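Note sheet for the following structure.
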Amino acid sequence: MIGGGFMGKAHSNAWLKVNKFFDTDYDVCLKVIVGKKSPLEAFAKRWGYEEVSYDWEETVSRADIDIVDIGTPTFEHMEMAVAAAKAGKHIVCEKPCALTYGQCLKMAKEAKKAGVVTYLNHNYRRVPAVAYAKQLVEDGRLGTIFHWQGAYFQDWIMDPDFPLTWHLQSKYAGGGPLFDLSSHAYDLARFIIGNAQAVTAVNKTFVKERPLPGAGAATFSAGAKDDKAQKAAVDVDDASFAVVEFENGALGSIQTTRFATGRKNYNDFEIYGSKGALKFNFESMNELYFLDATQPQAEQGFRRILCTEGVHPYVSAWWPAGHIIGYEHTFVNGFYDFLQAIAGKGLPLKPDFNDGADIIRFAEAVKLSSEAHRRVLIEEIK
Ligand SMILES: NC(=O)c1ccc[n+]([C@@H]2O[C@H](COP(=O)([O-])OP(=O)(O)OC[C@H]3O[C@@H](n4cnc5c(N)ncnc54)[C@H](O)[C@@H]3O)[C@@H](O)[C@H]2O)c1
């Protein structure tokens with residue numbers, strides 16, 4: 001496991017749980033946690049890693065490592081993934097895949113050459129209600145899809161004194177919500193209704209400069225406040241709103257922002273089709289709302305489906321019906337699929353680095369559209 005931050009914790013928890021709840025061909029053993037500067041000995045003890053290392057290059061080529069899990073900021077994904085593939089390791093990598101379409105293609109190419117399994121952790125696909133929404137669409141229950149409305153809203157950087165962490169610098173993050181949140185929102189759209197073919201978008205930055213980060217500044221955390229901290233320019237979007245034309249003929253939108261007052265992790269989609277409609281919001285992640293327009297008109301309405309029955313995807317591994325699951329379960333579900341893929345079982349694992357490339361290609365198209373003030377075809381991005 002490379003990176004002992006927010007994702008290091010979420011992934012370590014999932015690795016510990018996957019063999020407890022799912023039957024797999026492998027017993028996962030947490031060998032090494034790799035950090036950068038801050039000591040990780042306490043982290044290793046808490047999560048049960050056998051060793052701590054501060055040298056990822058040496059660690060990924062060790063003979064006793066089978067899986068490399070990359071939970072570092074986005075700018076480091078490509079170099080780490082390529083090294084892991086060259087060393088013949090199966091790879092889990094956090095989203096967004098990398099900084100550019102070209103970097104993602106390189107990751108996919110090296111993984112293919114090495115014949116390793118790659119899993120890009122767009123974990124919201126592994127919410128049972130989301131996977132069930134896909135089933136309903138695939139079964140034709142919505143008919144022809146006319147609209148996809150995807151919105152992913154947060155509010156954790158609204159304070160203009162929130163520091164310039166790596167998330168707010170394009171050299172580390174690629175972009176603002178466009179890379180961080182639209183990558184998830186577009187992954188869900190692709191998963192359920194397919195690829196985009198064109199975008200028309202506007203990105204906006206509300207706070208143009210921010211104080212440099214002090215001790216403890218991290219994802220969702222401002223750290224220690226320093227009134228004398230120097231300020232530097234913000235070069236990423238604070239919000240990204242895109243009108244999306246899909247290959248299947250649907251017209252939709254992907255709107256993401258970190259300036260949606262009161263919205264914490266509001267990952268939301270609505271789908272409208274000729275035979276029905278669906279609505280999902282991660283803040284009530286066990287629920288899916290379904291309107292079946294083939295029912296008698298007088299009885300129609302959005303039905304709340306509590307997706308906690310054993311028949312819903314992944315649920316049979318967890319608790320009896322009605323005993324809801326949470327954020328952390330999505331990581332466990334994903335790692336189960338990853339282990340199955342390594343064992344050659346199940347469908348090809350998605351999303352992988354090729355999907356990651358398509359997602360960053362979309363993000364680059366959104367960026368170009370906003371900068372050039374015009375509609376951009378996805379195929380323009382080479
Ligand atoms: N799937 C999700 O929903 C989700 C949520 C949050 C973050 N992420 C993604 O996960 C990645 C990490 O985000 P985070 O929130 O955990 O960040 P974070 O800042 O909390 O943690 C990153 C960790 O990586 C370590 N690190 C950085 N460079 C390193 C190196 N060269 N060697 C070893 N360790 C190194 C840092 O010391 C830090 O502990 C990002 O790509 C982010 O987009 C995904």
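Whatever order the structure lists them in is the order used to number ligands and atoms, beginning at 1. Source: prediction; values computed, not measured.
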Distance-only, no hydrogens or angles: does the D155 side chain make a donor-acceptor pair with backbone N or O of G262 under 3.5 Å? yes

Non-hydrogen atoms of H122 versus ligand 1: any pair closer than 4.0 Å? no

For atom NZ of K134, decide whether the heavy atoms of other residues, nucleotides or ligands shown that lie under 6.0 angstrom number more than 12. yes

Nearest protein heavy-atom contact for atom 11 (C) of ligand 1: which residue, which atom, what distance? T72 O, 3.2 Å

Which atoms of ligand 1 are found less than 4.0 Å from any heavy atom of Y327? 2 (C), 3 (O), 5 (C)

Nearest to atom 9 (C) of ligand 1, what protein heavy atom do you find, and at what distance? K95 O, 3.2 Å

Taking the side chain as C-beta and beyond, is there a heavy-atom pair between I378 and N195 under 4.5 Å? no

Could you tell me whether the side chain of I342 reaches within less than 4.5 Å of the side chain of Y26, counting heavy atoms only? yes

Starting from atom 32 (N) of ligand 1, locate the nearest protein heavy atom and write down its residue, its atom name and how far away it is, to 0.1 Å. G35 O, 3.7 Å

For S38, is the nearest heavy atom under 4.0 Å from an atom of ligand 1? no

Without swapping roles, check the side chain of D187 against the backbone of R125 for a donor-acceptor pair under 3.5 Å. no

N123 heavy atoms within 4.0 Å reach ligand 1 at atoms 1 (N), 2 (C), 3 (O)

Below 4.0 Å from any atom of ligand 1, is there a heavy atom belonging to W166? yes

Determine whether S253 and Q149 make a side-chain contact, defined as any pair of heavy atoms from C-beta on separated by less than 4.5 Å. yes

Can you list the residues that meet the side-chain contact (heavy atoms from CB on, under 4.5 Å) rule with K112, with sequence neighbours excluded? none

So is there a nitrogen or oxygen of P73 less than 3.5 Å from a nitrogen or oxygen in ligand 1? no

Considering the heavy atoms of P96, write down every atom of ligand 1 situated less than 4.0 Å from one of them. 43 (O)

State yes or no: are the ring centers of Y186 and W148 separated by less than 6.0 Å? no

Does atom 36 (C) of ligand 1 have any protein heavy atom closer than 4.0 Å? no

What atoms in ligand 1 come closer than 4.0 Å to a heavy atom of N121? 1 (N)

Among protein heavy atoms, which lies nearest atom 24 (O) of ligand 1, and at what distance? G3 CA, 3.5 Å

Looking only at heavy atoms, which two atoms of A201 and S369 are closest? And how far apart? N-OG, 2.8 Å

Chi angles and distances behind the ring pair (Phe, Tyr, Trp, His ring centres under 6.0 Å) call for Y266, F153: CA-CA 5 Å; Y266 186 97; F153 293 166; 5.8 Å; yes

Would you kindly check if the NZ (Lys) or CZ (Arg) of K350 is within the cone defined by 45 degrees around the ring axis of F191 and under 6.0 Å from the six-membered ring centre? no

Kindly determine whether H11 and F335 satisfy ring pair (Phe, Tyr, Trp, His ring centres under 6.0 Å), including the steps that lead there. CA-CA 9 Å; H11 287 221; F335 291 1; 5.2 Å; yes

Proximal atoms of ligand 1 relative to M80 (non-hydrogen, under 4.0 Å): 30 (C), 31 (N)

Examine Y272 together with F146 and report whether their ring centres are nearer than 6.0 Å. no

Consider only side-chain N and O atoms of D292 and T294, and report whether a donor and an acceptor are under 3.5 Å apart. yes

Logged contact type for I2 with ligand 1, heavy-atom cut-off 4.0 Å, is side chain

Considering heavy atoms of the protein only, find what lies nearest to atom 14 (P) of ligand 1 and give residue, atom and distance to 0.1 Å. T219 OG1, 3.7 Å

Looking only at protein heavy atoms, what sits closest to atom 28 (N) of ligand 1 is E76 OE1, 2.5 Å

Among non-hydrogen protein atoms, atom 16 (O) of ligand 1 lies closest to M7 N, 2.8 Å

Is H184 close to ligand 1, meaning an N/O of one under 3.5 Å from an N/O of the other? yes

Test item, A218 contacting ligand 1 (heavy atom, 4.0 angstrom): no

The answer for which part of F6 has a heavy atom under 4.0 Å from ligand 1 is both

Should you measure from each heavy atom of H77, which atoms of ligand 1 turn up under 4.0 Å away? 41 (O)

I'd like to know if K9 contacts ligand 1, where contact means a heavy-atom distance under 4.0 Å to any ligand atom. no

Give me the nearest non-hydrogen protein atom to atom 44 (C) of ligand 1 as residue plus atom name, then the distance to 0.1 Å. E94 OE1, 3.0 Å

